[in-house]
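The structure appears below as C-alpha cells.
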Amino acid sequence: MNIYNGEILIIEYFVLHKLDDDAELFRVVMHIDFDYFFAQVEERENPAIKDKPVVVCVYSGRGEDSGAVSTANYIARKYGVKSGIPISSAKKKLRDVESVFLQVNHTLYDAVSKKIMNIIRGYADRFEQIGVDEAFLEVTEQVDGSFERARELAAKIKKEILDKEEITFSIGIGPNKLIAKIAAGRQKPNGLTAVRPEEIEQFLSPLPVRKLVGVGVKTEKALHRLGIKTIGELAKQNLDKLTSVFGMTFGAYLHTAASGIDKSPVQQRGRAESISRITTLKENTRDIAEMMKQIEKLAENVHSKSMQQGLSFKSVSVVAVMEDLKMRSRSKTFQNPTKNLETIKNTARILLQQLLRDETEKSVRRVGIKIFNLVHDKEQRQLNDFG
DNA sequence: GTATGCTTTCGGC
DNA sequence: TTACGGCCGAAAGCATAC
C-alpha cells in the first residue's frame, strides 16, 4: 500500500462514503503467519531436536562462529536467542544447555512454503503472499461475511496443513489487512485471533502507535513528543492537528489507520520489486579490484535470476557494509530498461568508486548489488508498441 | 507550504 | 579485537515542481 498515493486516498474516501450508505458491506480478511518457520521446518525434518533450543544460522565463512541467527525456536527464544543476533552471542546464551545450531537451507524452506501456500490459496477469494512465510487471504465470499465461519475456516486450514505438512501457524482475522495482521501477532505460536468490526476500538486503542503500518521510529518519536503513545490516543486527535504536524496526506492516513480503517485490497503480488545479492568478504578491504571480483559473481547471479523471470531493469545499486557494520549504498537509474550483464558490472564499479570517494576512512566488510525498477518483458513490449 | 518521486537507510524475518 | 547474514519492502531523507 502506498499511503502517499493521492489516488488511493480518493478511492478510500469514495468507499468510505459508500460504506455509510450500505452498512453491511464489510470484508473478512485473514492473515497467516508461519510460526518460527525455518526452525520449525528443521524440527519437522528431525523431530529428535524438538525439545531442545534450535538455532538456524547464516554462517559468513570468516571464522568458526562468524555470522548471524536467522530464526530460533521458542525454546531458544526463552534464553534470549532471536533473529539477527551474532551466532557467537547465541552460543554464549545457550552455553549451559544442550542445543542445536544449523545452517540455513533455503531450498528446503522454499519447497515447504510453496506446498503450503498452494493449499492455502485454494481457500481464498484473493490471495497475497508476503515473503516465504506470510500471506493475506480475502475470504469475504468464502465465509459469506461471517466472522464465525471465518474462524471455522481458519481452524480447518490449520488442521489440514498440520496433517499434510506438519507445520503450525498463527492466524489473525479482521475486517481489513491492518487489523488481520496485528491480530495474527497477538497469540503466537499456533494462535487464532479474530477481531470483529465492533471490537476494533477496544482491540486497537491500548496498542502502541508503532504497531501501525507507516509508523516507524521517527514518526513514533514525533507522536511521543505530542504525548501520543497509544493508537487510541492517536485516534482521538483531531484531523487538523495531525495534518498540521504531518502534512495533509500522512496526517489523514494516521487518522484513518488509528481508527482501524484500511481499504487496501488483498491483491496477488506481481513480480518482486528488486533482486539483490550480498556477500561477506574474506577480509575487510578498500581494494576495488578485490571487491569487484565478488561483485562480478553477484552480478552474474542477479542477472541470471532476472533473465529466468523475463525481467529488464532500469536501476542498479551497490551496497557496502563498512567495518563498523554501517551500511552505505549508491545507485544509478538509466533512461531505458536493459538486461545487459555488463551494464550491471560497469555501473557497479563506478558506484563503488563513488561510494569509497565519499567514505574515506573505513574499510569494507560486505559488498552487495541490487537491480530494481524492474520491467517485465511483456509490459515492455506493450510500452514500446504504444510509445 | 505541499505533493510527488527518486535515493539512501532502516528494520523485520 | 566487542563485533554480525542476506534478503526484502518500508521508512526516512532529499530534490524538484507547483
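The chains referred to below are lettered A, B, ... by the order of the sequence lines, with proteins before strands, and numbering in each begins at 1. Since the model is a prediction, treat every value here as computed from it, not as a measurement.
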Tell me the interatomic distance from [X], atom [atom1], to [N], atom [atom2], rounded to whole angstroms.
X: A:L281; N: C:dG5; atom1: CG; atom2: P; value: 10 Å
X: A:K332; N: B:dT8; atom1: NZ; atom2: P; value: 12 Å
X: A:F38; N: C:dC8; atom1: CZ; atom2: P; value: 12 Å
X: A:K91; N: C:dT2; atom1: NZ; atom2: P; value: 20 Å
X: A:E323; N: C:dC4; atom1: CD; atom2: P; value: 14 Å
X: A:I278; N: C:dC8; atom1: CD1; atom2: C1'; value: 12 Å
X: A:L325; N: B:dT9; atom1: CG; atom2: C1'; value: 15 Å
X: A:I369; N: C:dG6; atom1: CD1; atom2: P; value: 15 Å

(request) At under 4.0 Å between heavy atoms, which parts of nucleotides 13-18 of chain C does protein reach? Answer with one letter per nucleotide, 5' to 3': B base, S sugar-phosphate only, - none. (result) S-----
Will you find, in the side chains of [X] and [Y], an N or O donor that is under 3.5 Å from an N or O acceptor?
X: A:N176; Y: A:S264; answer: no
X: A:K52; Y: A:N73; answer: no
X: A:N373; Y: A:S315; answer: yes
X: A:S329; Y: A:S317; answer: no
X: A:S88; Y: A:D65; answer: no
X: A:Q237; Y: A:H255; answer: no

(message) Check A:D33 with A:K188, please: is the shortest side-chain N to carboxylate O separation under 4.0 Å?
(response) yes
(message) I'd like to know if A:D163 and A:K159 make a salt bridge, using a cut-off of under 4.0 Å between side-chain N and carboxylate O.
(response) yes
(message) Between B:dC10 and C:dC4, how many Å separate the two C1' atoms, rounded to a whole number?
(response) 16 Å
(message) Between B:dG12 and C:dG5, how many Å separate the two C1' atoms, rounded to a whole number?
(response) 13 Å
Choose from [options] the nucleotide whose nearest atom is closest to any side-chain atom of [X].
X: A:E273; options: C:dA11, C:dG6, C:dG9; value: C:dG9
X: A:M248; options: B:dT7, B:dT9, B:dA3; value: B:dA3
X: A:S329; options: C:dG5, C:dC8, B:dT8; value: B:dT8

(message) Within the structure provided, determine whether A:I295 and A:I344 are in side-chain contact (heavy-atom separation under 4.5 Å).
(response) no
Assign [X] to base, sugar-phosphate, or nothing according to its heavy-atom contacts below 4.0 angstrom with the strands shown.
X: A:I130; result: nothing
X: A:G131; result: nothing
X: A:V321; result: nothing

(request) Indicate yes or no for a side-chain donor-acceptor contact from A:D35 to the backbone of A:Q40 under 3.5 Å, with no hydrogens or angles considered. (result) no
(message) If we ignore hydrogens and angles and just use 3.5 Å, is the side chain of A:Q129 paired with the main-chain N or O of A:G131 as donor and acceptor?
(response) yes
Strictly below 4.0 Å: does [X] bring a side-chain N or O up to OP1 or OP2 of [N]?
X: A:S88; N: C:dC4; value: yes
X: A:S276; N: C:dC7; value: no
X: A:T249; N: B:dA3; value: yes
X: A:T280; N: C:dG6; value: yes
X: A:T219; N: C:dA12; value: yes
X: A:S89; N: C:dC4; value: no
X: A:S66; N: C:dG5; value: yes
X: A:R330; N: B:dT7; value: no
X: A:R328; N: B:dT9; value: yes
X: A:R277; N: C:dG5; value: no
X: A:S274; N: C:dG9; value: yes

(request) If the plane angle is over 60° it's perpendicular, under 30° parallel, otherwise tilted; pick one for A:F250 and A:Y253. (result) parallel
(request) Rounding to 10 degrees, work out the angle separating the end axes of the helix from B:dG1-C:dC18 to B:dC13-C:dG6 (five pairs an end). (result) 20°
(request) On DNA chain B, check which nucleotide each of A:F372 and A:T243 is closest to and give me the residue with the more 5' one. (result) A:T243
(request) Take A:L212 and A:R365, find for each the nucleotide of DNA chain C with the closest heavy atom, and name the residue whose nucleotide sits nearer the 5' end. (result) A:R365
(message) By nearest heavy atom, map A:V215 and A:T279 onto DNA chain C; which one lands nearer the 5' end?
(response) A:T279
Output a table of nitrogen or oxygen pairs between the protein and nucleotides 11-13 of chain B separated by less than 3.5 Å.
unit_1 : atom_1 : unit_2 : atom_2 : d
B:dC13 : O3'    : A:D133 : OD2    : 3.0

(request) Heavy atoms only: give me the nearest A:E165-A:V112 pair and the separation to one decimal. (result) OE1-CG1, 4.5 Å
(message) Given A:E138, which partner from the list A:R126, A:R121, A:K177 fulfils the salt bridge (charged side-chain N to carboxylate O under 4.0 Å, His left out) test?
(response) A:R126
